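Structure record follows, encoded as structure tokens.
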Amino acid sequence: MRYLETVVTLTYEPSRCTGCQMCVKVCPHAVFDFADKRAVLADRGACMECGACARNCEAQAIQVRAGVGCAAAIITGALTGTEPSCGCSSEGGCC
Amino acid sequence: MSETAPSCCGGSATGSGCCGGPAAALPALVKAAYLDGDVTTLVGPVPRVRTSLVASDRRGTIKARLGVGRMQYRVAPGLYAVGEPGASAPVLVTANYKLSFDALRRELSGRHAWLLVLDTKGINVWCAAGKGTFGTDELVQRIAAVGLDQVVRHRTLILPQLGAPGITAHEVKARSGFRVEYGPVRAADLPAYLDNHHQATAAMRRVQFNITDRAIVVPVEVANGLKPALLLAAAFLVLGGLARDGYAVSRMLGTGLFAAGGIMGAFLLGAVVGPLLLPWLPGRAFALKGALLGAAGVAVWIARAGFGVSMGDWLSLSAWGLLVPSITSFVLMNFTGASTFTSLSGVMREMRFAVPLQAVAGILGVGLWVAALLFGAGRSV
Ligand code: SF4
Ligand code: SF4
């Protein structure tokens, strides 16, 4: 299944890549591939903005606005004026 | 490792005690059904876990999946042993959500390993990583708290891949001396990973969201939405007794009951049928998928009624034509949280369009339905 691809915030700066392959390992949607000793963006549109790659890239070659893709969390966040975060609500509904 | 359906929302609802509520942390050496004696280490006795699940584990899993008995489904954070681990046995890190813990230990029968359980407040690995409780700080502190450097000679930790959004591997290394290795997404792949020189195949690194995964999170979705849905249905039931010439209980039991059924039907369409049919519903935005599903539901209902609804009922027909899709759209939009592939940017984008439309359709629908009660052709569906 694919989701809305054009709004993805992931950016990758190949010139900074040191070739550690961490991003390839942590991404649950195979967004990164590895070729010629460097990471390549193979499927940017599949990114779910979990932030795992950016957080684990020591070379800081990757940036993404990480967050939860969860409507209930966004609604709660909007109502309480906080960042969308996983279900800390009393309902314990979402994430 | 994470449980088989590692969706953020669905699996974690049972751990909703994250912010407040009784944080009933068990004492480290309490006699629990999953424990089986101790092993002796340099830092003292370490509880050993069973690698098979007993009846009480299974009952707990079912309850957790149905969304009942919240707050209590956690294990005490700390170090556990599997088999007779020595100083060179691998260290596997997981969350203190019992389903994550169970999924991990049941894959380890016949093996010797250490389990380092982080305090994620009873939330599953992926969700806790997103919140940061399955995080670098907690990991570094937990390593120190259990004296891991005295228990094992090596300096490698195996983390579930889905813990990566909360962990910065190079920072863990700098602060604790332990190198983080990301294992497979699913605990079920762990034996193959361990046997294959700690290499994960590409498939082991992919998150799935197949029909089984979706079916597993449906009950929790239903449980979460049930209360507002019932309240809305009750309001329609009561309003259903209204008519031009006053209020009648008989009408409430006719029109009102039908309307309440319609609301619950729309809710279940969005909360059960929608998730199951997700890949086959047209569009990518969940709100759109839901709206189309609702429209199809109304169309099927009219067709089943054999087009016997007279055009005099056009008010209530248009009311339901708006109400059902707005409900299914909203309910399925909320399923983004249980899915494993929606991004924050994507959900914000679809909500910007969908929420105003859902609100307008819902309000118009209620207005038309009340109008049908008051001015309809006598008989209101
Ligand atoms: S994690 Fe960073 S440095 Fe390592 S391969 Fe990926 S982009 Fe390159
Ligand atoms: S943010 Fe997550 S989904 Fe997106 S590329 Fe990075 S690891 Fe993959």
Side-chain angles (χ1 to χ4, degrees), chain A residues 1-10 20-34 44-60 64-78 83-95, chain B residues 7-9 12-21 70 123 126-131 161-170 180 182 185 200 202 205-207 209 224-225 227 278-279 284-287 330 333-351 355:
Chain A
M1 269 175 286
R2 311 281 303 183
Y3 194 51
L4 311 182
E5 303 191 22
T6 53
V7 291
V8 166
T9 57
L10 181 77
C20 70
Q21 298 207 37
M22 207 56 156
C23 53
V24 183
K25 287 182 186 158
V26 297
C27 180
H29 291 291
V31 169
F32 288 94
D33 209 340
F34 199 73
R44 184 170 179 272
C47 175
M48 62 174 295
E49 304 184 331
C50 71
C53 54
R55 188 179 282 274
N56 284 279
C57 176
E58 195 168 7
Q60 300 192 336
V64 65
R65 179 184 62 174
V68 288
C70 169
I74 293 170
I75 293 172
T76 312
E83 279 284 294
S85 145
C86 275
C88 270
S89 63
S90 48
E91 276 293 304
C94 166
C95 326
Chain B
S7 70
C8 180
C9 297
S12 71
T14 47
S16 60
C18 61
C19 300
R70 298 180 169 192
I123 304 275
W126 206 9
C127 189
K131 297 165 84 77
Q161 184 189 326
L162 293 184
I167 301 281
T168 304
H170 48 272
V180 167
Y182 289 109
V185 164
R205 298 223 170 274
R206 294 293 293 259
V207 157
F209 201 43
N224 285 336
K227 214 166 114 194
L278 198 63
R284 290 199 177 178
F286 283 37
F330 183 78
M333 184 182 82
N334 275 288
F335 194 64
T336 49
S339 81
T340 58
F341 62 96
T342 53
S343 62
L344 173 62
S345 302
V347 177
M348 296 212 335
R349 161 62 62 91
E350 73 166 277
M351 287 179 75
V355 173

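Worth knowing before you read on, the calculation uses all heavy atoms, side chains too, and leaves out hydrogens, waters and symmetry mates. On a predicted model such as this, the values are computed, not experimentally measured, just so you know. Chain identifiers are assigned alphabetically (A, B, ...) following the order of the sequence lines, protein sequences preceding nucleic acid strands; residue numbering begins at 1 within each chain.
- One finds the CE atom of Met1(A) at 7.0 Å from the OG1 atom of Thr340(B) (value rounded to the nearest 0.5 Å).
- Between chain A and the options Gly166(B), Ala128(B), Ala285(B), Gly163(B), the largest number of non-hydrogen pairs under 4.5 Å is found for Gly166(B).
- In terms of heavy-atom proximity, Arg2(A) sits nearest to Phe341(B) at O-CE1, 3.9 Å.
- Residue contact with chain A, scored on non-hydrogen atoms closer than 4.5 Å, involves the backbone and the side chain of Ala169(B) alike.
- For chain A, no part of Phe335(B) is nearby; none of its heavy atoms comes within less than 4.5 Å.
- Only the backbone of Val24(A) comes within less than 4.5 Å of a heavy atom of chain B; no side-chain atom from C-beta onward does.
- In terms of heavy atoms, Pro28(A) sits closest to Leu162(B) at CB-CD2, 4.1 Å.
- Smallest separation of non-hydrogen atoms from Thr9(A) and Ser345(B): CG2-OG, 3.3 Å.
- Here the closest non-hydrogen pair linking Arg65(A) and Leu344(B) is NE-CD2, 4.2 Å.
- Here Asn56(A) is the residue among Leu4(A), Val64(A), Val7(A), Asn56(A) with the most heavy-atom pairs under 4.5 Å with chain B.
- Across all non-hydrogen atoms, the minimal contact from Val26(A) to Gln161(B) is O-NE2, 3.0 Å.
- In this structure, the side chains of Ile75(A) and Met351(B) come closer than 4.5 Å at one or more pairs of heavy atoms.
- For Cys57(A), the part sitting under 4.5 Å from any heavy atom of chain B is the backbone (N, CA, C, O) and nothing else.
- Among all heavy-atom pairs drawn from Cys47(A) and Ser343(B), the shortest one is O-CB, 3.9 Å.
- You'll find the side chain of Arg349(B) stays beyond 4.5 Å of the side chain of Tyr3(A), heavy atoms only.
- Looking at Cys27(A), the atoms closer than 4.5 Å to chain B (heavy atoms on both sides) all sit in the backbone: N, CA, C or O.
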